Amino acid sequence: MKYKKICPICGAHFETNNDQTVYCGHSCKVEAKRARDREYQRNKREQASESRRQYREEYERARLSEIAERDRKSKEDFERRCAEGDVRALLIREKAQHGNSTRRYWELFAQCVIDDAERIGTVSRVVVNGISVYDDCFADAVLESIEERGHIVAELGRKSK
Ligand SMILES: [Zn+2]
């Protein structure tokens, strides 16, 4: 019995005795195998690039959650320092919450500067708008001078002042 077929590679019409025959001849059979191999290689490449993409995504997720965790820890650390009365932390928080034109900000500022100087066994020479941080009325005087001048100048005064 003869079967009439159409070769899926070259489109030729051909007759064959074997119903299992798919291709018109050897060269189309080889070409079909090459096409299958190419397809196989392409799938393999796609799978590899997909798994690389997944790996990158997972890595990025892990990295972001690590950063979030670190942020959370440093925030906790900062809150703990504030609760313990750490002057520098309180100063940073005061500025973030209320800016640098509150009495509390300048009180904390003076305390922070004086503490820093004491820690290294010296006397601070910081003056703000001409007012020494050791001035008893430092915070009020600075606020008044900010109102008068409209700006803040922090500088290092002379020791002999
Ligand atoms: Zn063919």
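Being a predicted model, the structure only gives us computed values, none of them experimental. This chain uses plain numbering: 1 for the first residue, then up along the sequence.
M1 belongs to a hydrophobic cluster whose remaining members, ordered by chain and number, are Y3; membership requires side-chain heavy atoms of ILVMFWY residues under 4.5 Å apart, directly or through intermediates. Hydrophobic clustering, defined by side-chain heavy atoms of Ile, Leu, Val, Met, Phe, Trp and Tyr closer than 4.5 Å, leaves V153 isolated from every other such residue. Through direct or indirect side-chain contacts shorter than 4.5 Å among Ile, Leu, Val, Met, Phe, Trp and Tyr, L64 is connected to no other residue.
Each ring-ring contact (aromatic ring centres under 6.0 Å, His included) pair with one or both residues in residues 27-66, not counting sequence neighbours, would appear here, but there are none. For residues 126-144, every residue pair satisfying the salt bridge (Lys or Arg N to Asp or Glu O under 4.0 Å) rule, not counting sequence neighbours, is listed here: R103-D140. Within the structure, salt bridge (Lys or Arg N to Asp or Glu O under 4.0 Å) pairs that include any residue of residues 17-26 comprise K5-D19 (at least two apart or interchain). The ring-ring contact (aromatic ring centres under 6.0 Å, His included) analysis of residues 69-109, with sequence neighbours excluded, yields the pairs W106-F109.
Salt-bridge formation is not detected for the pair K75/D71: no Lys NZ or Arg NE/NH1/NH2 atom is positioned less than 4.0 Å from an Asp or Glu carboxylate oxygen. Electrostatic pairing of E66 and R63 does not count as a salt bridge here, judged by no charged N lying under 4.0 Å from a carboxylate O. Between E58 and R53 no salt bridge is recorded (no basic side-chain N to carboxylate O distance below 4.0 Å).
For Y23, there are no ring-ring contact (aromatic ring centres under 6.0 Å, His included) partners at least two apart in sequence or on another chain. Residues passing the side chain to side chain contact (heavy atoms under 4.5 Å, CB included) test with T21, sequence neighbours excluded: F14, T16, N18. Take R72 and apply the salt bridge (charged side-chain N to carboxylate O under 4.0 Å, His left out) test, not counting sequence neighbours, and it matches E69, E76. By the salt bridge (charged side-chain N to carboxylate O under 4.0 Å, His left out) test, E46 is found to be paired with no residue, residues two or more places apart in sequence or in another chain being considered.
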Residues 83-94, side-chain donor-acceptor partners within the protein, below 3.5 Å, at least two apart:
unit_1: E84; atom_1: OE1; unit_2: R80; atom_2: NH1; d: 3.3
unit_1: E84; atom_1: OE2; unit_2: R80; atom_2: NH1; d: 3.1
unit_1: D86; atom_1: OD1; unit_2: R88; atom_2: N; d: 3.0
unit_1: D86; atom_1: OD1; unit_2: A89; atom_2: N; d: 3.1
unit_1: D86; atom_1: OD2; unit_2: R81; atom_2: NE; d: 3.1
unit_1: R88; atom_1: NH2; unit_2: D116; atom_2: OD1; d: 3.1
unit_1: R88; atom_1: NH2; unit_2: D116; atom_2: OD2; d: 2.2
unit_1: R93; atom_1: NH1; unit_2: E79; atom_2: OE1; d: 3.4
unit_1: E94; atom_1: OE2; unit_2: T102; atom_2: OG1; d: 2.7

